[in-house]
There are 2 protein chains.
Amino acid sequence: MAITMADVAKRAGVSKSTVSQYLNKRYEYMSQETRVKVEAAIKDLGYQPNHIARSLKQKRTSMVGIIVANIMHRYSTEVCRSLEDYFNDHDMNAIICNADNDPEKERKYIEMLRAKQVDGLIIFPTGQNVELYQNMLKNGYPVVFMDRKVKEIMAPSVVVNNKEATMRAVEHLIEMGHKKIAIATESLTISTRLERRQGYMDALKENNVPILEEYMISTEINSMGSELENLFSLQEPPTALVAANDLVFLEVLKFAKASRIKIGEQLGLIVFDNIPFADLVSPSVTTISQPSQEMGLKAAELLLKQINKEEVNPVDTVFSCELYLRESTKRSIE
Amino acid sequence: MAITMADVAKRAGVSKSTVSQYLNKRYEYMSQETRVKVEAAIKDLGYQPNHIARSLKQKRTSMVGIIVANIMHRYSTEVCRSLEDYFNDHDMNAIICNADNDPEKERKYIEMLRAKQVDGLIIFPTGQNVELYQNMLKNGYPVVFMDRKVKEIMAPSVVVNNKEATMRAVEHLIEMGHKKIAIATESLTISTRLERRQGYMDALKENNVPILEEYMISTEINSMGSELENLFSLQEPPTALVAANDLVFLEVLKFAKASRIKIGEQLGLIVFDNIPFADLVSPSVTTISQPSQEMGLKAAELLLKQINKEEVNPVDTVFSCELYLRESTKRSIE
DNA sequence: TTGTACGCGTTATCAC
DNA sequence: GTGATAACGCGTACAA
């Protein structure tokens, strides 16, 4: 079917090994004459080396796996883009998989990618497959965790300062006079969500603002709308809200539109996530932005080091978020 | 290093072939007894089959390549998500690559992915590597083109009715009383951009609205801002604008904000692309939306059929876009 | 400088 | 039912 080294060798009137030498640019072991012969044969036949066979021999596929929670998060897309760029520059390919925050799916992907002999894995972990993570780390398999921490695990991780960034954001709301501040997160199964909520609570506590359970909603995206309705039906509805990621933000926008709540006027709003049009819509949206590009770069570097058998410390690399103040939090409360 | 079939065979006291039979579930050729022995050995050793070796033998990697123009387009992300879902459901993996509309990069990716023996390719083509495309098609290599057509090529393609959709959108602007309608596209190197522009021109012609060169700007994203400035510095600046994709839209928003042009009030705006928050921002944005999910599904099906040696006609599958009328085009001109 | 022979981990084809 | 043995396509000692 396809053209193999043997075909090239026959055509050029040399042996397979000579062709192999040529392909690996070990020209010292070769006369000028055979070199051009081989070159011609390759061109003639349109020969393409078979990486699969090479991988089998070399135990290196030049592929890495990326297991992302959900590529529809803007942040995830940005990180993937950054990772892909980096690996491409290093002649590697990335296989991108969506685990959808489903531990079962995550497990399946990890096993599949390892069976495919990918050289390493970058994982946005669900946090639920602890034994599996530990197994990989114990065996020295190259892994970098991204975005989320796994408590029981010591591993190279690339994360942001969720707690501090949220604290800073909530403090800003407090400075603007807000006292009735709510936070909406997805279900509290993942470190980032817990940390953001903790930052929210810490900020309130440090500023002697009472922490009210009913101001902290956390639920699936599907039921976020009705939870928001409850929240704003309280006797004392919040005057400000922190949306803990972009999907939550979308739900908040939907709800605000339906309820004719004017963001920026009646409701101060901060979003923890990267939003492409945040500064261009009206009102522009105050965001806590994550340096997705740099994080992807760092994670890729950490993985590549491990693949190249360099020592990598199993510690968190913590990036700082940027708080962009915009119109959605411009109005102060007396 | 890793555990191989040979290890399992030794442990279970059988031959490699028997282990292979077991793994491929050919239990008929096996006593109950050996079956449990093999099973136990696999569990004990934590054996994982090596897909690379299997691929070498079977000439099927269960991987497909996706070469996307730029994953930062929302539409591309949505298509990728859809593709990934489909292939995952069929026990295949997708390798996603960004060609950045660069023919050279595209060529490199096609060659790399084919060397990696991926079972097929879904390409958002630059259109510039015609010989390469033709070569793949001639050899019966599974390929599906996505989003863009390649003129010289007969191949299974999944596209939208760019011209008709844009016509419809521009007709709407005309119905609203607009006569000074502009269109902004990226450089006219790609079929979708040409088709959208053609649809724009056709709509004007059919409605006896003069076509003005100075109302049709097409340039790199980098210089879109200054082109927009020129456009709106004309003696008769346009009252409506079609942004031909989401990146152009972003530039339009930037420009409008800087120039204090009120979208929906002073400028009717239609965007050809999928915009996540289009209906939730103020003013909400009239969009021409592409059925990314269904298109991904269709493309995946077409590719899988080819991989399974089923006959697939080298024709365009044309999906229809949806025109969502929103506030950015609500104001009529007398 | 070039060729031979073997190994990589799996599957397919036969014998037994 | 089970087990040698030969592919698959490439890399690489080692020999020539």
Side-chain angles (χ1 to χ4, degrees), chain A residues 1-42 45-63 111-119, chain B residues 1-39 41-42 45-63 91 111-119:
Chain A
M1 190 68 252
I3 295 123
T4 77
M5 256 178 48
D7 300 322
V8 177
K10 189 185 291 179
R11 172 81 164 223
V14 299
S15 77
K16 282 196 305 176
S17 27
T18 306
V19 179
S20 178
Q21 304 280 27
Y22 174 85
L23 291 172
N24 294 299
K25 305 198 193 303
R26 305 205 59 72
Y27 300 133
E28 318 94 73
Y29 303 142
M30 210 172 310
S31 67
Q32 185 71 11
E33 188 184 12
T34 47
R35 186 167 145 184
V36 291
K37 272 196 303 189
V38 173
E39 199 160 340
I42 288 177
L45 272 45
Y47 166 75
Q48 292 277 114
N50 181 330
H51 280 227
I52 291 291
R54 169 181 296 174
S55 298
L56 181 60
K57 182 72 183 173
Q58 296 188 156
K59 297 174 177 309
R60 200 185 204 272
T61 54
S62 299
M63 297 190 300
E111 286 171 357
M112 178 184 295
L113 289 169
R114 295 206 55 186
K116 287 242 161 85
Q117 312 298 119
V118 298
D119 296 337
Chain B
M1 190 70 251
I3 295 123
T4 77
M5 255 179 49
D7 300 321
V8 176
K10 190 185 288 179
R11 171 83 165 222
V14 298
S15 76
K16 282 197 303 179
S17 339
T18 306
V19 178
S20 178
Q21 302 280 27
Y22 173 86
L23 290 171
N24 293 298
K25 303 197 194 303
R26 306 203 60 73
Y27 300 133
E28 320 95 72
Y29 303 141
M30 209 172 308
S31 68
Q32 186 70 11
E33 190 185 10
T34 47
R35 186 168 145 182
V36 291
K37 273 196 301 189
V38 173
E39 200 161 339
I42 288 177
L45 273 44
Y47 165 76
Q48 292 277 116
N50 181 328
H51 280 227
I52 292 290
R54 167 180 296 175
S55 298
L56 179 60
K57 185 69 185 172
Q58 294 187 158
K59 297 174 177 306
R60 198 181 204 277
T61 54
S62 299
M63 297 190 301
D91 291 317
E111 286 171 357
M112 178 184 296
L113 289 168
R114 294 207 55 185
K116 287 240 159 83
Q117 312 297 118
V118 298
D119 296 336

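Letters go in sequence order (proteins before strands), and every chain restarts at 1.
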| request: Please figure out whether B:Leu56 or B:Gln21 has its closest DNA chain C nucleotide nearer the 5' end. | output: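 Final value for this comparison: B:Leu56.
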Check: Mapping B:Leu23 and A:Ser15 to their closest nucleotides on DNA chain C, which lands nearer the 5' end?
Finding: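 In this pair, the answer is A:Ser15.
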Touch class at under 4.0 angstrom, heavy-atom based, for [X] against every strand present:
X: B:Thr34; value: sugar-phosphate
X: A:Met30; value: sugar-phosphate
X: A:Val14; value: sugar-phosphate
X: B:Tyr47; value: sugar-phosphate
X: A:Thr4; value: sugar-phosphate

Whether the side chain of B:Ser55 engages the backbone of B:His51 through a donor-acceptor N/O pair (distance < 3.5 Å, no angle test) should be reported.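 Here the side-chain-to-backbone pair exists.
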Do A:Asn50 side-chain atoms and A:Ile52 backbone N/O form a donor-acceptor pair below 3.5 Å?
->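 Yes, the answer is positive, given that a donor and an acceptor are paired below the 3.5 Å cut-off.
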Interatomic distance where [atom1] belongs to [X] and [atom2] belongs to [N] [whole Å]:
X: A:Gln58; N: C:dG9; atom1: CD; atom2: C1'; answer: 15 Å
X: B:Tyr22; N: D:dG1; atom1: OH; atom2: P; answer: 17 Å
X: B:Arg60; N: C:dG9; atom1: CZ; atom2: P; answer: 24 Å
X: A:Lys116; N: C:dT10; atom1: NZ; atom2: C1'; answer: 15 Å
X: B:Ile52; N: C:dT11; atom1: CD1; atom2: P; answer: 13 Å
X: B:Lys10; N: D:dA4; atom1: NZ; atom2: P; answer: 13 Å
X: A:Asn50; N: D:dC8; atom1: CG; atom2: C1'; answer: 9 Å
X: A:Gln117; N: C:dG9; atom1: CD; atom2: P; answer: 9 Å

With hydrogens left out and only the distance checked, is there a donor-acceptor pair under 3.5 Å joining [X]'s side chain and the base of [N]?
X: B:Ser17; N: D:dA4; result: yes
X: B:Lys16; N: C:dT10; result: yes
X: B:Lys57; N: D:dA7; result: yes

Say you draw a straight line from [atom1] of [X] to [atom2] of [Y]; how long is it, rounded to the nearest 0.5 Å?
X: A:Thr4; Y: A:Leu45; atom1: OG1; atom2: CG; answer: 9.0 Å
X: A:Tyr47; Y: A:Ile3; atom1: OH; atom2: CD1; answer: 9.5 Å
X: A:Arg54; Y: A:Met5; atom1: CZ; atom2: CE; answer: 10.0 Å
X: A:Arg35; Y: A:Gln21; atom1: CZ; atom2: CD; answer: 13.0 Å

[N], OP1 or OP2 - any side-chain N/O from [X] closer than 4.0 Å?
X: B:Ser31; N: D:dG1; result: no
X: A:Thr18; N: C:dG3; result: yes
X: B:Asn24; N: C:dT11; result: yes

**OP:** Among D:dG11, D:dC10, D:dG9, find the nucleotide with the atom closest to the side chain of A:Pro49.
**Re:**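 Among the listed nucleotides, the one closest to the side chain of A:Pro49 is D:dC10.
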